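Computed from a prediction, not measured in an experiment: that's the story for all the values here. Every chain is numbered from 1, with letters handed out A, B, ... down the list of sequences.
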Amino acid sequence: MKMTQFYLPTLKENPTEAEIVSHQLMLRAGLIRKLSAGIYTYLPLGMRVLRKIENIIREEMTRAGAQEVLMPSLQPAELWQESGRWEIMGPLMARLQDRKCHDYCIGPTHEEVVTDLVRHEVNSYKQLPLNLFQIQTKVRDEIRPRFGVMRSREFIMKDAYSFDKDQEGLDLSYQKMYDAYTRIFQRIGLRFRAVEADSGAIGGSSSHEFMVLADSGEDAIVFCDNCQYAANVERAESMVSLEDGCEELKELAKVSTPDVKTIDNMVEFFNLPAGKMIKTLAYVAGKTMIIALIRGCDEVNEVKLRNQLNAVDVRLASDEEVLERFSAPVGFLGPIGLKDIRIIADPLVMKIQNGVTGANQMDYHYRHVNPGRDFTVREEDIIDLRIVKEEDSCIHCNEPLKVARGIEVGHVFKLGTKYSEAMNATFLDENGKEQPLIMGCYGIGVTRIIGAAIEQNNDEHGIIWPMPIAPFHVVIIPIGKDEEVSRVAEQVYTDLDNRGIEVLLDDRNERPGVKFNDADLIGVPVRVVIGGRGLKENRIEVKFRGTGDELKVAVEEIVDFITDQVESQLV
RNA sequence: CCGGCUGUAGCGCAGCUUGGUAGCGCGCUUGCUUCGGGAGCAAGAGGCCCCGGGUUCAAAUCCCGGCAGCCGGACCA
């Protein structure tokens with residue numbers, strides 16, 4: 001490709017709307033342009049990267065035995081009503097009506113459609129296992145799109161769905177996808193980590209997320225350097241060894257504590273560590289209010305709470321709701337004397353001795369609070385509620401845990417029969433008995449990978465593409481107006497092209513500095529500079545964007561040399 | 001959804017306090033020079049100053065109402 005014929009609008013200055021480096025560079029390097037919040041056009045350069053990523057995914061999915069299909073974006077409401085998600089999805093789903101006033105949505109995901117497809121066509125265990133995938137645009141009306149393609153409202157996703165006759169089959173299908181994902185992200189050249197994940201709204205049991213390590217990541221992941229444990233903080237557990245206390249239990253006492261509203265206030269007022277405080281949080285799950293108890297030094301993991309309550313919409317109660325229910329303002333709540341309300345407590349709370357908590361009365365707290373004596377919690381509602389913190393001990397090996405940021409680029413789930421049962425997708429087993437299909441689903445954020453890759457591979461000059469997803473393998477920069485320079489540049493360009501190397505020839509009538517800077521910005525891995533100066537010595541200059549290594553190669557050897565270099569990095 | 005900030009040329013911004021000829025840098029066009037890390041000189045093109053209403057002789061500027069974008073938050077009691 002010659003640059004004079006390639007639509008590549010690069011920007012010198014950073015658009016103000018872009019905050020993180022990948023977003024800035026995608027705009028500056030001419031990969032994308034914004035149409036609306038969270039909605040982007042992919043320009044030719046961005047398209048080339050997108051296609052590279054898609055093709056790697058395609059190859060590995062096919063290798064793992066999945067078959068490609070393409071399902072509709074426009075989906076009838078009936079299907080979603082059948083699975084029950086027409087309501088559950090809420091405002092996340094973009095909805096519309098056709099001219100006959102029938103409801104439709106633009107697919108945020110495709111479990112319903114694929115289940116519908118398969119229930120019509122698969123009747124026998126002999127047709128299983130089956131794994132179908134597609135690379136498709138999804139639309140989700142995100143609360144707040146941000147960071148360019150990282151969290152956009154329209155994005156491209158690879159989604160695969162497996163169907164098996166039994167649990168063992170699902171386990172195998174799941175493992176195949178897990179392995180395929182590992183290969184995919186390795187080939188793309190990302191530094192990533194697979195972590196245990198909460199399965200969230202999609203449902204199902206076991207699940208792993210593939211996280212690209214980056215400080216700008218929206219997720220926090222917890223991992224252990226000593227063993228293999230790694231989990232999303234939403235799910236992560238840690239060990240806190242707290243011996244049973246041996247303090248003498250003192251008598252419960254109500255204390256006047258004007259203006260002591262926060263844990264910090266309490267620590268100061270009572271001169272006790274935050275670990276002695278019983279933080280009492282009121283939540284609303286659906287329409288019922290519940291209480292969560294956690295130590296003052298800990299924080300509630302709402303995902304764990306939500307799972308325990310088996311509810312989707314769990315939120316902190318508002319100040320007004322708290323005041324109405326407890327006749328005490330936020331800051332003075334406590335579990336003592338509460339009736340007719342479910343209490344969920346972290347086990348560490350139950351070990352506190354002579355602790356402090358609110359008295360459900362403005363400006364009063366209780367001291368010398370002893371769980372079990374002064375209030376009780378049902379055994380099944382004493383569950384781990386904590387958010388794991390850095391330096392907590394690993395639940396497997398007791399070594400200190402670390403916390404890092406990650407960008408979720410892949411997620412694999414074991415769905416089980418959630419959708420097949422809801423939508424009556426069944427097959428006849430060996431005994432002629434009707435059984436629901438056992439499903440798994442597996443997603444990769446294709447467009448998000450572009451952003452994630454740039455987050456990991458950039459410097460002050462621009463993007464540094466890993467060879468397998470680089471939009472071009474090589475950029476040739478002729479310097480000066482010398483006839484000989486253009487002749488050699490043209491020749492090298494043609495020869496490399498014939499070898500199957502993807503070459504960009506910067507044939508613009510621009511000054512060298514402009515060409516160098518654009519080459520750095522768009523991040524082509526190999527730069528070939530052909531100038532009159534070098535040609536006099538029969539030399540062409542090669543520079544590698546990643547390492548910065550620079551060397552001179554004889555004119556007659558340049559094509560072989562470059563070909564070898566590119567191919568060695570493509571494996 | 002809540003809070004903050006911002007909407008002026010393709011991009012980055014100034015002008016708004018104190019109402020009166022719409023500006024700067026980059027980019028773009030043309031010419032000449034230049035040509036190994038974002039060149040110089042000269043001449044140009046390009047604006048519904050986010051939208052609607054109001055005040056005023058007069059509004060980018062003041063007032064009211066929208067809309068859009070960005071950032072933070074949407075849990076710590």
Determine the contact category for A:Tyr283: base if any of its heavy atoms lies under 4.0 Å from a base atom, sugar-phosphate if only primed atoms, P, OP1 or OP2 are that close, otherwise nothing.
base

side-chain N/O A:Arg28 vs B:C11 OP1/OP2, d < 4.0 Å
no

For A:Arg144, report the nucleic acid contact type (base, sugar-phosphate, nothing); a contact means any heavy atom under 4.0 Å.
base

Interatomic distance at P, B:C62 relative to B:C16, whole Å:
9 Å

Assign A:Leu316 to base, sugar-phosphate, or nothing according to its heavy-atom contacts below 4.0 angstrom with the strands shown.
base

Any side-chain N or O of A:Thr16 below 4.0 angstrom from OP1/OP2 of B:C13?
yes

Rounded to whole angstroms, how far apart are CZ on A:Phe516 and P on B:G36?
9 Å

Taking the same atom, P, in B:C5 and in B:C64, what whole-Å distance lies between them?
15 Å

A:Val514 has a side chain; which of B:G36, B:C75, B:G38 sits nearest to it?
B:G38

Indicate yes or no: does A:Glu490 engage A:Lys2 in a salt bridge with an N to O separation below 4.0 Å.
yes

Do A:Asn370 and A:Asn354 have side-chain N/O donor and acceptor atoms under 3.5 Å apart?
yes

So, does the side chain of A:Glu13 form a donor-acceptor pair with the base of B:G27 at under 3.5 Å?
no

Can you tell me the base-pairing partner of B:A14? Count Watson-Crick or G-U wobble geometry only, both distances below 3.5 Å, and say none if there is no partner.
none

Ring-face cation contact, A:Phe472 with A:Arg48, 6.0 Å cut, 45° max
yes

To the nearest Å, how far apart are A:Leu27 CG and B:C70 P?
11 Å

Atom pair distance, as rounded to whole Å: CZ in A:Arg146 and C1' in B:A74:
10 Å

Using Watson-Crick geometry (N1-N3 plus N6-O4 or O6-N4) or G-U wobble (N1-O2, O6-N3), each under 3.5 Å, B:G46 is paired with none

Report yes if at least one side-chain N or O of A:Arg533 is closer than 4.0 Å to OP1 or OP2 of B:G36; otherwise report no.
no

Taking NZ, NE, NH1 and NH2 as the nitrogens, is one of them in A:Asp381 or A:Arg342 under 4.0 Å from a carboxylate oxygen of the other?
yes

Cation-pi check, A:Arg95 onto A:Trp80 ring (under 6.0 Å, within 45° of axis):
no

When the C1' atoms of B:U17 and B:C76 are considered, how many whole Å apart are they?
42 Å

Measure the distance from CD on A:Gln24 to C1' on B:C11 and round it to the nearest whole Å.
14 Å

Could you state the atom-to-atom distance from NZ of A:Lys34 to C1' of B:G69 in whole Å?
5 Å

Expressed in whole Å, how much space separates the C1' atoms belonging to B:C13 and B:C2?
30 Å

Reckon A:Lys261 has a side-chain N or O less than 4.0 Å from the OP1 or OP2 of B:A77?
no

Strand partner of B:C5, provided both Watson-Crick or wobble distances fall under 3.5 Å:
B:G69

Residue closer to the 5' end of RNA chain B, A:Ala37 versus A:Pro329 (nearest nucleotide)
A:Ala37

Separation of B:A74 C1' from A:Arg151 CZ (nearest whole Å):
14 Å

Row check, A:Tyr364 ring normal vs A:Lys254 NZ/CZ: under 6.0 Å, within 45°:
yes

Contact class for A:Arg527 vs. all strands (heavy atom < 4.0 Å): base, sugar-phosphate, or nothing?
base

Glycosidic conformation of B:U21, syn or anti, with 90° from 0 as the boundary?
syn

Just by distance, no angles: are the side chains of A:Thr262 and A:Asn265 close enough, under 3.5 Å, to form a donor-acceptor pair?
yes

Give one of base, sugar-phosphate or nothing for A:Ile387, where a contact means two heavy atoms less than 4.0 Å apart.
base

Which nucleotide wins on minimum distance to the side chain of A:Asn517, given the candidates B:G38, B:C75, B:A77?
B:G38

Provide the distance between the two C1' atoms, one in B:G20 and one in B:A60, to the nearest whole Å.
13 Å

For a quick check, tell me whether the side chain of A:Lys12 and the base of B:C26 share a donor-acceptor pair closer than 3.5 Å.
no

What is the separation between atom CG on A:Asn14 and atom P on B:G10, rounded to the nearest whole Å?
19 Å

Any-strand Watson-Crick or G-U partner of B:C32, both distances under 3.5 Å
B:G40

Taking all heavy atoms of A:Arg448 and all of A:Arg151, pick out the closest pair and write down the distance.
NH2-NH2, 3.9 Å

Roughly how many Å apart are B:C50 and B:G69, using the C1' atom of each and rounding to a whole number?
10 Å

Any donor-acceptor N or O pair under 3.5 Å, side chains A:Asn538, A:Glu556:
yes

So if I take every side-chain heavy atom of A:Glu19 and compare against B:C75, B:G36, B:C71, which nucleotide ends up nearest?
B:C71

So if I take every side-chain heavy atom of A:Pro15 and compare against B:C76, B:G12, B:A77, which nucleotide ends up nearest?
B:G12

A:Glu17 CD - B:C5 C1' separation (whole Å):
15 Å

Searching all strands shown, indicate the nucleotide that pairs with B:A59 (Watson-Crick or G-U wobble; both distances under 3.5 Å).
none

Determine the Euclidean distance between corresponding P atoms of B:C49 and B:C11; express it in Å to zero decimal places.
15 Å

Are any of A:Ser36's side-chain N or O atoms less than 4.0 Å away from OP1 or OP2 of B:G69?
yes

Which whole number of Å gives the distance between the P atom of B:G27 and that of B:A42?
16 Å

Please tell me which of A:Lys481 and A:Leu333 maps to the more 5' nucleotide of RNA chain B, matching each residue to the nucleotide holding its nearest heavy atom.
A:Lys481

Applying a 4.0 Å non-hydrogen cut-off, can you work out what A:Ile263 is touching in the nucleic acid: base, sugar-phosphate, or nothing?
sugar-phosphate

